[in-house]
There are 2 protein chains.
Amino acid sequence: MAADTRVLEDLRAAILRGEFAPRQRLVEAELCEQFDASRFSVRAALQALEADGLVERQRNVGARIREIGIEEAVEISEVRQVVEGLIARRAAERANDAEAEGLAAIGREMHAAVAAGEVAEYSDLNARLHASLREIARHEKANDIIARLHGQMVRHQFALSRQPGRSKVSVWQHQAIIDAVVARDGDAAEAAMRAHIASVIEALRAIR
Amino acid sequence: MAADTRVLEDLRAAILRGEFAPRQRLVEAELCEQFDASRFSVRAALQALEADGLVERQRNVGARIREIGIEEAVEISEVRQVVEGLIARRAAERANDAEAEGLAAIGREMHAAVAAGEVAEYSDLNARLHASLREIARHEKANDIIARLHGQMVRHQFALSRQPGRSKVSVWQHQAIIDAVVARDGDAAEAAMRAHIASVIEALRAIR
DNA sequence: TCGCGGAGTATTGTCGACAATATTGTCGAT
DNA sequence: ATCGACAATATTGTCGACAATACTCCGCGA
């Protein structure tokens, strides 16, 4: 069964988990051993990951983990800003009552996590909120793009969540998004999401 | 040199030129003959094109040209709407005088083409206008995404340009975008681009 | 006539071996 | 000591052969 699929998923997960450093070389033979697979499978996985933008390859030289600098992270976030804006708008337009209540619940948990100073918990809730919005929006193309961009951002996302005091700011931005969706106000939802990601971009620029 | 790269480019160009029908099967052996290449190269090309969303593959069954229905074309256009909106905004923020004049010139040519009823010429200018905006905006990530989405839309784009009377409507929308960029008004540029693509979406829905 | 195996065929999946290329290391000349 | 050419090595690129799988069509029984 699907040997190359398994390698692809394992390798992608390992990269996303941060097990490889940026610009680290990915030698095919080593990966073969590490994942107990043939070069064939490894090669296919590398090609797929290149398309995902997680790996870069040079002909006759090999593959390495793509390094995503701050400037590129900002560009990615700018695209996310508008595409997640679209998602928020659609979510506001399509949410049913149960879905709206689910979002509101996440909002309450967020406030609680911030009050308790639970950083990891908050970061988790953040992911759940965005995922819920994507699910409610049911916009396949937009979701695909966000997923791809998200993969390239994991490292910086992590750095952001470690920034002290960040959650105290963003929790109100998240609340604004939730309120807009609950009120079924598409314009407001898009604007709130944009404002939220604008602040992410600012924080990103402040990191270096 | 680079056997698989050549096959990839040739095959992609052939698909974009519409030489394969939607859902048409792409048998590896046939492609080998057609492009005078080994199965190895063909397979690599198919994998890459799958990532591009141009072909779909099923394990142990094979590859076929992906069919993009109206609903999906609408979704693609909705994403384009916001991403090209971002591009238009950036273009307005960054255009220098020469670039602004270049856009204005394209606008004048467009009016002339519409007046003369030159459909093909107008469609060409349309492509040039959007390309110019992308170049001025210098937003790599946004440009990548648009390129990918554009590849999936070629068939429908063609159908749209054949719609009689469409150019008379869109020429003024294009002019609004150009005016906004020339005025260096980012908000107006984004709004104009969104309005333009909103009308594309309407036309798309009207096709069937 | 219809449904149901089952062989045969078409097509893709996987691999190991070898070729091509880039990188690294070595030696000699200046 | 430094630079260049050349050899050695590491790594990826390419291919052809075979295995595995899905599809097709035929014959058989009810």
Side-chain angles (χ1 to χ4, degrees), chain A residues 1-68 151-152, chain B residues 1-68 151-152:
Chain A
M1 162 309 231
D4 53 0
T5 304
R6 182 184 61 78
V7 176
L8 173 57
E9 286 174 7
D10 287 359
L11 182 52
R12 169 182 282 130
I15 294 175
L16 260 34
R17 239 178 291 122
E19 290 183 17
F20 298 92
R23 301 202 48 83
Q24 177 175 341
R25 287 195 59 188
L26 299 173
V27 178
E28 295 180 359
E30 290 174 8
L31 297 175
C32 290
E33 214 180 326
Q34 187 171 345
F35 293 98
D36 189 44
S38 69
R39 263 189 75 203
F40 181 86
S41 307
V42 169
R43 209 156 223 297
L46 287 175
Q47 199 187 331
L49 290 170
E50 183 183 27
D52 278 357
L54 293 174
V55 164
E56 64 186 353
R57 298 168 77 194
Q58 279 180 62
R59 189 182 177 74
N60 290 318
V61 175
R64 51 183 45 193
I65 301 288
R66 258 196 66 198
E67 172 161 49
I68 281 135
Q152 303 175 5
Chain B
M1 113 60 161
D4 53 0
T5 304
R6 183 185 59 79
V7 176
L8 173 57
E9 287 174 7
D10 286 359
L11 182 51
R12 170 184 281 131
I15 294 175
L16 260 35
R17 238 178 293 121
E19 288 182 16
F20 299 92
R23 299 199 53 82
Q24 177 176 340
R25 287 195 56 186
L26 298 173
V27 177
E28 295 181 0
E30 290 174 6
L31 297 175
C32 289
E33 216 180 325
Q34 186 171 346
F35 293 98
D36 189 42
S38 70
R39 261 188 74 200
F40 180 88
S41 308
V42 169
R43 277 178 82 77
L46 288 175
Q47 200 187 331
L49 290 169
E50 182 182 27
D52 278 357
L54 259 40
V55 314
E56 61 186 353
R57 299 170 76 194
Q58 280 180 61
R59 189 179 178 75
N60 290 319
V61 174
R64 51 184 44 193
I65 301 289
R66 258 196 66 197
E67 172 161 50
I68 282 134
Q152 303 176 3

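- Rounded to an integer number of Å, the gap from CD of E28(A) to C1' of dA22(C) is 14 Å.
- Across dT14(D), dT14(C), dT12(C), the shortest atom-to-atom separation from the side chain of V27(B) is found for dT12(C).
- Side-chain atoms of E56(A) and R23(A), non-hydrogen and from C-beta on, do get closer than 4.5 Å to each other.
- Taking atom CG of D4(B) as the reference point, atom C1' of dA19(C) lies 15 Å away to the nearest angstrom.
- The distance between atom CZ of R43(B) and atom P of dG16(D), rounded to the nearest whole Å, is 15 Å.
- For R57(A) (side chain) and G62(A) (main-chain N/O), no donor-acceptor pair under 3.5 Å exists by modelled atom type.
- The phosphate of dT11(D) (OP1 or OP2) has no side-chain N or O of R57(A) nearer than 4.0 angstrom.
- Distance, E30(A) CD to dT12(D) C1': 13 Å, rounded to whole Å.
- Between D4(A) and R59(B) a salt bridge is recorded (basic side-chain N to carboxylate O distance below 4.0 Å).
- Backbone-only contact: L26(A) has heavy atoms under 4.0 Å from sugar-phosphate atoms and none from a base.
- Phosphate proximity of dT14(C) to R59(B): present, with a side-chain N or O under 4.0 Å from OP1 or OP2.
- Listed nucleotides: dT11(D), dC18(C), dC15(C). Nearest to the side chain of R25(A): dT11(D).
- For N60(B), whose side chain is taken as the heavy atoms from C-beta onward, the closest listed nucleotide among dA22(C), dT11(D), dA22(D) is dA22(D).
- Mapping A37(A) and Q58(A) onto DNA chain C by nearest heavy atom places A37(A) at the nucleotide closer to the 5' end.
- At a threshold of 4.5 Å between non-hydrogen side-chain atoms, the residues V42(B) and F35(B) do not count as touching.
- Across the protein-nucleic acid pair, L46(B) atom CG and dT12(C) atom C1' stand 11 Å apart, rounded to whole Å.
- Checking dC15(C), dC18(D), dG13(D) against the side-chain heavy atoms of R39(B) singles out dC18(D) as nearest.
- Projected onto DNA chain C by closest heavy-atom contact, S41(A) and V61(A) fall at different nucleotides, the more 5' of which corresponds to S41(A).
- Contact annotation: S38(A) side-chain N/O to dT14(C) OP1/OP2 distance is not under 4.0 Å.
- No side-chain heavy atom of I65(A) sits under 4.5 Å from any side-chain heavy atom of L54(A).
- Atom CZ in F40(B) sits roughly 14 Å away from atom P in dG13(C) (whole-Å rounding).
- Atom CG of L31(B) and atom P of dT11(C) are 12 Å apart (whole Å).
- Taking atom CG of D36(B) as the reference point, atom P of dC15(D) lies 10 Å away to the nearest angstrom.
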